[in-house]
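What follows is one structure encoded as structure tokens, with my remarks underneath.
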Amino acid sequence: MPKLWFPKWQPKCPKWLPHYRPIDEDELVYEDVSVETKGDEPVEIREFRDEANKKWYDYFDEYEYRETKEESKSHKSWYWFEPGTSAAEKKLICKLDILIAFYSFMGYWVKYIDSSNLNNAYVSGMKEDLGMKGNDLINTQVLFSVGLIIFEIPWVYFLPRVPTNYAVFGCETIWALFTLIIYKAKTPAALKGFRFVVGGMEAVFFPSVHHLLSNWYTPTEINRRGGFFYMGQFLGVLTSGLLQSAAYRNLNLVNGLAGWRWMFIIDGCLSFGVAILALFMIPGTPTKCYSLFLTDDEVRLARKRMARNHSNMAIPTVKSFFNWGIWKRVLTSWQVWVFSVANMLLCSDNNTSSGSFSLWLKSLDRYSVGKLNNLTTIPPALGIVYLFISCFGADFTRKRFLMMIFQNTMNFIANVVLAKWDVSESAKLFGFYMSYWSWTPSSIFNPLLHDMLRHDVTQRNIEWMVVYIMGTQSATWISKLIWPTVDSPRYPAGFSTCAGFSMALSFVLALAYVLYKRDERRGALEYGIYVYNSAKGETIPPEYEHSATVSVTEEKHLIESDSDKK
């Protein structure tokens, strides 16, 4: 058996704490990166498809080469469960929704209460209390991101190889502690140091959630669940403004502490609670399950669901990570390059993280601290609506790429208005209210990449982390360049750059879609669909017409021989 990193690791603790469950362990496939087996096994042909008279709009069907025409017709856009889903599978999905979707929602909610607290505290007395000047605000945000990036790198290796629930629990506990300690900050330097540690401990959270989603949900289920995850992000920004307003109104100078300091105390206490939720609610993966709430049969069913999606379920090993063959596939994969560029644009095309809206409101000099914080909740509240439209729309229409291009177009319009700046106050409000469209593509983008790399678990884990790190690192230095606090609230470079990035992202996604469709067509036979084009002289081989099975390797040889004849 290959050497694993803590595959059977169990804490020395009572049985009521989560622990590794070796369910049918002998039947699990341990990844062997030295042998290529893909394409050698026979596949049942379920449909012969002639593309000679293919309709132009079929090109925009993302699942065209995964389903037969009958299966495609049976899809019900507005059903929570696909037709034919068994009672056992429905029960499993509902359990997963509680364990994964609810926890991820709570985790992101608290994370963004914390993140938004910095901007809200800055306009609620922190700037004056700590003597912050010049670009201290943006520098504090940058140091948070630097901590995040530095501590993300080890998780490229550790994330699929350690118990996710214990990893997240440990990091979130430290995160909660240092969030709480911020209330004691006396200088900008102390604030920056605390935020650096919080950023470092947050590094595991976002990758872990997407790792969980991709291991338990199918492509047509995942965006709705990811939508609940991201709703926590929007609700966190919204809640932060309301809590900051309430803290300033009710707790300011209680026990000698300013209202903004009380807000970090409240946030820290909430974070400790979410850390405990992580320990008990994160179930691990179907092949390395730690859940106390899933039965053995439900774990087996989860594995079958992933197998139906052709998701590779091999257990990542130490050997697989350090194998040159894996890294060669990563470095020669178009996804890692195209999606890295896309994520760099995606992570830097929003104006919301800069606090531009709250700083503009403060510059008007007409609102009290409480009123100002309440007004900052309007854009994220609208963002929840945008997110609902995006994530549910992506699952129900099954057009993920088109949905992201639509989101980018909305963000482009918002930033063009703000880049112009010399417009009416109502036009500025329109631009700020539309700005949260910039956050919505991420909820579709990340599950999509996991789905595209479903055939190789180690390659998928590495590439997704590389793409994620490329995005976060670029956002760190780009934000430093385009959002200097001294440029507020006008930000001449910030809004125009976001507009340009959102448009560029749409073009990169269009390129990715062309490559995606090419790969899907090449892999159609794995789903039992034999694709040919009679208009180009392609035919069904006589020996295949009466055969129930054919191997992917045989089909490749056929294509090569047809090419030679032409």
Side-chain angles (χ1 to χ4, degrees), residues 1 4-28 30 88 91-111 151 154-155 157-177 201-217 225 228-229 232 269-306 313-318 457 461:
M1 183 177 292
L4 306 178
W5 186 274
F6 296 146
K8 301 178 183 178
W9 181 81
Q10 299 184 43
K12 301 296 184 181
C13 58
K15 291 183 178 181
W16 53 267
L17 282 177
H19 53 275
Y20 177 72
R21 297 169 53 194
I23 303 167
D24 299 335
E25 189 178 57
D26 293 338
E27 298 179 8
L28 296 178
Y30 287 83
K91 182 178 179 181
L92 169 63
I93 293 171
C94 290
K95 277 191 175 183
L96 295 175
D97 289 345
I98 295 172
L99 294 174
I100 299 176
F102 176 73
Y103 161 72
S104 61
F105 167 83
M106 292 295 295
Y108 226 18
W109 172 58
V110 169
K111 174 194 178 299
F151 284 88
W155 292 110
Y157 173 79
F158 285 112
L159 182 60
R161 294 171 174 82
V162 299
T164 315
N165 57 333
Y166 283 94
V168 175
F169 168 71
C171 290
E172 285 197 348
T173 300
I174 300 173
W175 162 11
L177 177 62
M201 293 302 100
E202 189 184 299
V204 70
F205 174 75
F206 189 85
S208 293
V209 170
H210 279 290
H211 182 68
L212 292 168
L213 291 171
S214 66
N215 274 282
W216 292 97
Y217 290 109
R225 280 71 185 184
F228 284 114
F229 168 42
C269 293
L270 289 173
S271 299
F272 280 115
V274 172
I276 295 173
L277 282 180
L279 179 62
F280 287 95
M281 298 189 74
I282 292 178
T285 67
T287 52
K288 292 173 62 178
C289 184
Y290 292 82
S291 178
L292 298 175
F293 305 105
L294 297 176
T295 67
D296 289 1
D297 285 341
E298 286 171 337
V299 175
R300 295 186 189 101
L301 177 57
R303 294 173 184 171
K304 291 178 181 177
R305 279 163 42 84
M306 293 297 101
M313 297 298 291
I315 298 179
T317 64
V318 175
V457 64
N461 291 333

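Index from 1, following the sequence.
- You'll find the side chain of Phe280 reaches within 4.5 Å of the side chain of Leu17, heavy atoms only.
- Taking the side chain as every heavy atom from C-beta outward, Phe205 and Val274 never approach each other to under 4.5 Å.
- Minimum interatomic distance between Phe272 and Thr173 (heavy atoms only, all atoms of both residues): CE2-O, 3.7 Å.
- Judged by distance alone, with hydrogens and angles left aside, the side-chain atoms of Arg225 form no donor-acceptor pair with the main-chain N or O of Leu96 at under 3.5 Å.
- Listed by first and then second residue, the salt bridge (Lys or Arg N to Asp or Glu O under 4.0 Å) pairs that reach into residues 162-175 come to none, sequence neighbours excluded.
- Here the CG-CG distance, from Leu277 to Leu99, works out to 11.0 Å after rounding to the nearest 0.5 Å.
- At a threshold of 4.5 Å between non-hydrogen side-chain atoms, the residues Thr164 and Val204 do not count as touching.
- With hydrogens and angles ignored, the 3.5 Å screen pairs no side-chain donor or acceptor of Lys95 with any backbone N or O of Leu294.
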* Asked: Run the ring pair (Phe, Tyr, Trp, His ring centres under 6.0 Å) check on Phe229 and Tyr108 step by step: do they pass?
  -> CA-CA 7 Å; Phe229 168 42; Tyr108 226 18; 4.3 Å; yes

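- Taken to the nearest 0.5 Å, the CD1 atom of Ile93 stands 12.0 Å off from the CH2 atom of Trp216.
- Note that the NZ atom of Lys111 and the OG atom of Ser104 stand 13.0 Å from one another [nearest 0.5 Å].
- Close placement of the Tyr290 and Tyr20 rings is indicated, their centers lying within 6.0 Å of each other.
- Put simply, CG on Leu301 and CG on Asp296 are 12.5 Å apart, with the number rounded to the nearest 0.5 Å.
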